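In what follows, a single structure is set out as structure tokens and then discussed.
These values consider heavy atoms only, across backbone and side chains, with no hydrogens, waters or symmetry-generated copies. The model shown is predicted, which means the values in this text are computed figures rather than measured ones. Remember, it's 1-based here, ligands and their atoms both numbered in the order they're listed.
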Amino acid sequence: MVLLGPPGSGKGTQAERLAAKLSVPAISTGEMLRAAVAQGSALGARVEGVMASGQLVSDELMAEVVQDRLAKDDCKGGFLLDGYPRTAAQTQTLDDILDDLGERLDHVIYLSVPEEELVRRALLRQRDDDTEEVIQERLRVYRNETEPLVAHYEQAGLLRRVDGDRSMDEVTAAMLEAIR
Ligand code: ADP
């Protein structure tokens with residue numbers, strides 16, 4: 001399953017909750033990259049500057065990261081992806097990786113939240129290195145690169161829309177209902 005939505009839509013929180021309910025791993029590419037930066041690994045060194053600017057890490061590098069992660073044993077019974085795919089090229093890569101594994105996507109949940117609410121939430125949860133410009137840049141990149149994936153997955157018949165402008169419990173319940 002894939003969770004799609006703008007920065008600040010609550011994807012991370014909901015991914016954890018849903019994954020626990022469904023007993024599958026929640027795989028957050030943002031978390032994986034932040035962990036790599038914190039550890040000072042070679043991957044971390046390569047992505048640190050790009051992440052801090054609000055830009056996207058290259059599709060090629062992300063393909064390696066996701067391919068390695070999805071090949072792990074804990075993904076055999078399914079998994080929930082949060083933060084991947086984020087570009088048209090990444091949807092193609094994901095399809096290829098899943099083909100190789102003999103898997104396919106069951107659901108893509110789109111968490112929709114109005115823009116003003118996104119900015120408000122982003123300013124509230126601001127990480128140390130997040131300036132308002134970086135937050136705006138993330139939203140801009142999201143609109144240009146990631147928002148078009150909603151139409152792509154809609155055409156593929158996989159998209160389920162969930163209103164994310166509600167309490168966390170209501171959103172979790174609506175997501176579980178959407179994939180029932
Ligand atoms: P946000 O804080 O915008 O919700 P995440 O925590 O998912 O974003 O990711 C933080 C950063 O990590 C992104 O702004 C981007 O630089 C990088 N990143 C995460 N996932 C991807 C991806 N699929 N492709 C490219 N870059 C990514």
Side-chain angles (χ1 to χ4, degrees), residues 1-19 25-72 75 79-98 105 108-150 152-153 162 164-165 168 171 175:
M1 184 185 324
V2 163
L3 219 58
L4 212 60
S9 57
K11 274 195 326 279
T13 308
Q14 296 299 339
E16 292 290 343
R17 290 177 163 216
L18 221 59
I27 300 174
S28 159
T29 48
E31 284 298 325
M32 289 174 75
L33 298 175
R34 277 191 290 278
V37 171
Q39 283 158 17
S41 70
L43 172 66
R46 286 176 71 182
V47 302
E48 189 166 13
V50 182
M51 288 177 74
S53 71
Q55 306 287 318
L56 294 181
V57 172
S58 77
D59 290 335
E60 292 73 18
L61 192 50
M62 290 311 299
E64 284 177 41
V65 170
V66 171
Q67 183 155 32
D68 287 353
R69 182 63 187 87
L70 295 187
K72 296 226 153 69
C75 291
F79 49 83
L80 199 161
L81 272 172
D82 157 24
Y84 193 93
R86 251 180 165 88
T87 66
Q90 290 181 12
T91 61
Q92 186 56 56
T93 301
L94 179 59
D95 281 348
D96 294 344
I97 294 172
L98 293 177
L105 276 184
V108 177
I109 299 184
Y110 173 54
L111 212 51
S112 79
V113 175
E115 176 107 15
E116 322 83 72
E117 174 64 12
L118 295 176
V119 175
R120 198 186 68 83
R121 290 185 188 180
L123 290 171
L124 282 177
R125 69 150 196 198
Q126 219 161 11
R127 287 189 282 265
D128 307 344
D129 54 345
D130 282 0
T131 60
E132 185 160 0
E133 289 96 277
V134 170
I135 291 167
Q136 291 292 354
E137 179 61 11
R138 284 211 186 92
L139 281 172
R140 196 189 64 77
V141 171
Y142 171 80
R143 274 194 300 272
N144 291 340
E145 305 286 341
T146 311
E147 184 102 315
L149 307 191
V150 173
H152 169 83
Y153 283 123
V162 170
D165 195 10
M168 293 207 290
V171 175
M175 290 174 92

By salt bridge (Lys or Arg N to Asp or Glu O under 4.0 Å) - contacts of Arg86 (at least two apart): none
With a 4.5 Å limit on heavy-atom distance, are the side chains of Leu4 and Val150 in contact? yes
Distance-only donor-acceptor hits, side chain of residues 26-34, under 3.5 Å, sequence neighbours excluded:
{"from": "Ser28", "atom 1": "OG", "to": "Glu31", "atom 2": "N", "distance (Å)": "3.0"}
{"from": "Thr29", "atom 1": "OG1", "to": "Gly83", "atom 2": "O", "distance (Å)": "3.1"}
{"from": "Glu31", "atom 1": "OE2", "to": "Arg34", "atom 2": "NH2", "distance (Å)": "3.1"}

With a cut-off of 6.0 Å (strictly less than), are more than 12 heavy atoms of other residues, nucleotides or ligands near CZ of Arg121? yes
Starting from the C-alpha separation in whole Å, work towards a yes-or-no answer on side-chain hydrogen bond (donor to acceptor under 3.5 Å, both in side chains) for Glu147 and Tyr142. CA-CA 6 Å; Glu147 184 102 315; Tyr142 171 80; 3.0 Å; yes
Going by atom type alone, with no hydrogens or angles, which donor-acceptor pairs under 3.5 Å involve a side-chain atom of residues 48-57 and a protein atom two or more places apart or on another chain?
{"from": "Ser53", "atom 1": "OG", "to": "Val50", "atom 2": "O", "distance (Å)": "2.7"}
{"from": "Ser53", "atom 1": "OG", "to": "Gln55", "atom 2": "N", "distance (Å)": "3.4"}
{"from": "Gln55", "atom 1": "NE2", "to": "Glu137", "atom 2": "OE2", "distance (Å)": "2.6"}

Return a table of N or O atom pairs, ligand 1 on one side and protein on the other, at distances under 3.5 Å, rounded to 0.1 Å.
{"from": "ligand 1", "atom 1": "2 (O)", "to": "Arg125", "atom 2": "NH2", "distance (Å)": "3.4"}
{"from": "ligand 1", "atom 1": "2 (O)", "to": "Arg127", "atom 2": "NH2", "distance (Å)": "3.0"}
{"from": "ligand 1", "atom 1": "6 (O)", "to": "Arg34", "atom 2": "NH1", "distance (Å)": "2.9"}
{"from": "ligand 1", "atom 1": "6 (O)", "to": "Arg34", "atom 2": "NH2", "distance (Å)": "3.1"}
{"from": "ligand 1", "atom 1": "7 (O)", "to": "Arg86", "atom 2": "NH1", "distance (Å)": "3.3"}
{"from": "ligand 1", "atom 1": "7 (O)", "to": "Arg86", "atom 2": "NH2", "distance (Å)": "3.2"}
{"from": "ligand 1", "atom 1": "8 (O)", "to": "Arg86", "atom 2": "NH2", "distance (Å)": "3.0"}
{"from": "ligand 1", "atom 1": "14 (O)", "to": "Arg138", "atom 2": "NE", "distance (Å)": "3.4"}
{"from": "ligand 1", "atom 1": "16 (O)", "to": "Gln55", "atom 2": "O", "distance (Å)": "2.6"}
{"from": "ligand 1", "atom 1": "20 (N)", "to": "Thr29", "atom 2": "OG1", "distance (Å)": "2.8"}
{"from": "ligand 1", "atom 1": "20 (N)", "to": "Gly83", "atom 2": "O", "distance (Å)": "3.4"}
{"from": "ligand 1", "atom 1": "20 (N)", "to": "Arg86", "atom 2": "NH1", "distance (Å)": "3.1"}
{"from": "ligand 1", "atom 1": "23 (N)", "to": "Gly83", "atom 2": "O", "distance (Å)": "2.9"}
{"from": "ligand 1", "atom 1": "23 (N)", "to": "Gln90", "atom 2": "OE1", "distance (Å)": "3.0"}
{"from": "ligand 1", "atom 1": "24 (N)", "to": "Gln90", "atom 2": "NE2", "distance (Å)": "2.9"}
{"from": "ligand 1", "atom 1": "26 (N)", "to": "Val57", "atom 2": "N", "distance (Å)": "3.0"}

